[in-house]
Chemist: 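Can you keep this structure in mind? I'll have questions shortly.
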Amino acid sequence: MQADLLSPAQRTRVAQLLHQHTPLVHCMTNDVVQTFTANVLLALGASPAMVIDAGEAAQFSAIASSLLINVGTLTQPRAQAMRAAVESANHNNTPWTLDPVAVGALSLRSDFCRDLLLLRPTAIRGNASEIMALEGQSAGGRGVDTTDTAAAALPAAQRLARESGAIVAVTGEVDYITDGQRTLMAQGGDPLMTRVVGTGCALSAVVAACCALPGDRLENIAGACALMKYAGQQAAHGRGPGSFIPAFLDALYVMNEGKAV
């Protein structure tokens, strides 16, 4: 397994690009994380919008910089709205990111996400069990929690990238980001990131934002992973989950302002 570590300079470059380009991210995400996701994007200099009505979603994805599809609280009406948004995004060359939350564990979301693969996502971000299940393997997983390691899921991520044409980010203690040929990795973070709701879902929104940036898309998406890990590492010192979230947002904001990366 060969993977190159993303450098601090590459991470800094992605933070600067987010600040310069302020991508407008259409977030069709789960109900639990909408506020946190919006605050993460704002802290990094991006602009969030949560538009979920089927008619409006199709209209808005045509003018957004990028689209996020997160199936965490999927319903049949929401699936219809998401499909309409994806089809509009494809028609308008808007990049879109799929977060296959708990795929493999439940049938509605599993079938829906596999159908969406035919619509060629720009990026896919998930934990190890989700990526393995989406690629067609029998995987572990306990709801939204993985029982597999990111390293174990890397071969599946590479195959999924080649088959779907997407850049696939499989995240865990170490994040691996691959286009099926090249693979980058991002290290850092802190276990406390798993003790608050929404860090993975918010990362998918940052991945979506980075899909809209100029330059090497693989490096930009890896930069999204590295930014979140770095902020988590900076925010965790001596804190519990209650004080971690504001410290995490502050760490992202400091990177956006270029004060320290």
Side-chain angles (χ1 to χ4, degrees), residues 14-15 18-19 21-54 56-57 59-61 63-75 77-79 81-82 85-86 89 94-102 109 123 125-127 130 143-145 169 171 189-212 221 224-225 227-236 239-257:
V14 172
L18 284 168
H19 180 71
H21 291 273
T22 61
L24 174 60
V25 186
H26 180 186
C27 299
M28 301 188 75
T29 191
N30 75 69
D31 296 335
V32 180
V33 302
Q34 287 193 18
T35 299
F36 181 62
T37 296
N39 283 335
V40 164
L41 288 172
L42 287 168
L44 282 168
S47 180
M50 279 61 179
V51 180
I52 60 172
D53 176 78
E56 286 193 339
Q59 293 174 0
F60 195 80
S61 66
I63 62 174
S65 305
S66 60
L67 167 68
L68 168 66
I69 300 294
N70 174 310
V71 299
T73 50
L74 189 68
T75 63
R78 186 166 291 186
M82 287 176 168
V86 168
T94 303
W96 66 279
T97 295
L98 174 64
D99 186 340
V101 179
R109 68 192 58 218
R125 200 295 309 173
N127 67 35
E130 292 162 349
V144 300
D145 297 324
T171 56
D190 189 272
L192 195 55
M193 296 176 75
T194 67
R195 292 292 179 262
V196 298
V197 173
T199 53
C201 294
L203 169 57
S204 294
V206 180
V207 166
C210 288
C211 284
I221 293 172
C225 296
L227 285 170
M228 295 286 279
K229 280 192 171 297
Y230 184 81
Q233 195 169 23
Q234 296 301 303
R239 293 184 173 90
S243 57
F244 173 82
I245 290 177
F248 181 75
L249 293 173
D250 285 349
L252 292 173
Y253 179 74
V254 166
M255 287 188 282
N256 172 31
E257 292 294 291

Chemist: Taking all non-hydrogen atoms of both residues, which atom of T29 and which atom of V33 are closest, and how far apart?
Modeler: OG1-CG2, 3.6 Å
Chemist: Is a side-chain donor or acceptor of E56 paired with a backbone partner of D53 at a separation under 3.5 angstrom?
Modeler: no
Chemist: So does A212 get a backbone contact from the side chain of S66, meaning a donor-acceptor N/O pair under 3.5 Å?
Modeler: no
Chemist: Between A123 and C211, what is the shortest heavy-atom contact and its length?
Modeler: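 Nearest pair, atom of A123 first, then C211: CB-SG, 3.7 Å.
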Chemist: Less than 4.5 Å apart, side chain to side chain, heavy atoms only: is that true for T171 and K229?
Modeler: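 They are not in side-chain contact.
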Chemist: At their closest point, which heavy atom of R109 faces which heavy atom of A102, and how far apart are they?
Modeler: CD-O, 3.6 Å
Chemist: Is the side chain of R239 donor-acceptor paired with the backbone N or O of A235 at a distance under 3.5 Å, no angle test?
Modeler: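 Pair found, side chain donor or acceptor close to backbone of A235.
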Chemist: So does L24 get a backbone contact from the side chain of S47, meaning a donor-acceptor N/O pair under 3.5 Å?
Modeler: no
Chemist: So that I can tick it off, tell me whether D31 and R78 are bridged by a salt bridge, with the cut-off set at under 4.0 angstrom between side-chain N and carboxylate O.
Modeler: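 Salt bridge flag = yes for D31 with R78.
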Chemist: Counting C-beta onward and ignoring hydrogens, is there a side-chain heavy-atom pair between T199 and F36 closer than 4.5 Å?
Modeler: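 The answer is yes, as the side chains (C-beta and beyond) meet within the 4.5 Å cut-off.
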Chemist: Would you check if L18 and C210 make a side-chain contact, meaning some heavy-atom pair closer than 4.5 Å?
Modeler: yes
Chemist: How far apart are the closest heavy atoms of A54 and A81, and which atoms are they?
Modeler: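 Looking at all heavy atoms of both residues, the shortest contact is CA-CB, 3.6 Å.
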Chemist: May I have the step-by-step check of side-chain contact (heavy atoms from CB on, under 4.5 Å) for F248 and M228, ending in yes or no?
Modeler: CA-CA 9 Å; F248 181 75; M228 295 286 279; 3.7 Å; yes
Chemist: Does the pair N30 and V71 meet the rule for a side-chain contact (heavy atoms from CB on, under 4.5 Å), with working shown?
Modeler: CA-CA 6 Å; N30 75 69; V71 299; over 6 Å; no
Chemist: So, T97 and R125: side-chain donor and acceptor under 3.5 Å apart, yes or no?
Modeler: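 Absent: no donor and acceptor within the cut-off.
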Chemist: Of all the heavy-atom pairs spanning A231 and M255, show the shortest one and how long it is.
Modeler: CB-CE, 3.7 Å
Chemist: To the nearest 0.5 Å, what is the distance between OG (S204) and CG (L68)?
Modeler: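 Here the rounded value is 6.0 Å.
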Chemist: Just how far is it from atom CE of M82 to atom CG of L74, taken to the nearest 0.5 Å?
Modeler: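 The distance works out to 6.0 Å.
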Chemist: Is it the case that the side chain of N127 and the backbone of E130 share a donor-acceptor pair, with hydrogens and angles ignored and the cut-off at 3.5 Å?
Modeler: yes
Chemist: Please report the shortest heavy-atom distance between A224 and L203, naming the atom on each side.
Modeler: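 Reported closest heavy-atom pair: O-CD1, 3.7 Å.
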Chemist: Which distance, rounded to the nearest 0.5 Å, do you find between the SG of C27 and the CD1 of I69?
Modeler: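 Taking SG in C27 and CD1 in I69, the distance rounds to 10.0 Å.
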Chemist: Side chains of P95 and L67: closer than 4.5 Å at any heavy-atom pair?
Modeler: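 No. Closest side-chain heavy atoms not under 4.5 Å.
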Chemist: If I take atom CG from residue L44 and atom OH from residue Y253, how far apart are they, to the nearest 0.5 angstrom?
Modeler: 12.0 Å
Chemist: Quick one, L192 and P241 - any side-chain contact, counting heavy atoms below 4.5 Å?
Modeler: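 Counting from C-beta outward, L192 and P241 do come under 4.5 Å.
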Chemist: Distance from L42 atom CG to L249 atom CG, nearest 0.5 Å?
Modeler: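 Between L42 CG and L249 CG, I get 9.5 Å after rounding to 0.5 Å.
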Chemist: Measure the CE-NE2 distance between M50 and H26 for me, rounded to the nearest 0.5 Å.
Modeler: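 Spacing of CE (M50) from NE2 (H26) equals 9.5 Å.
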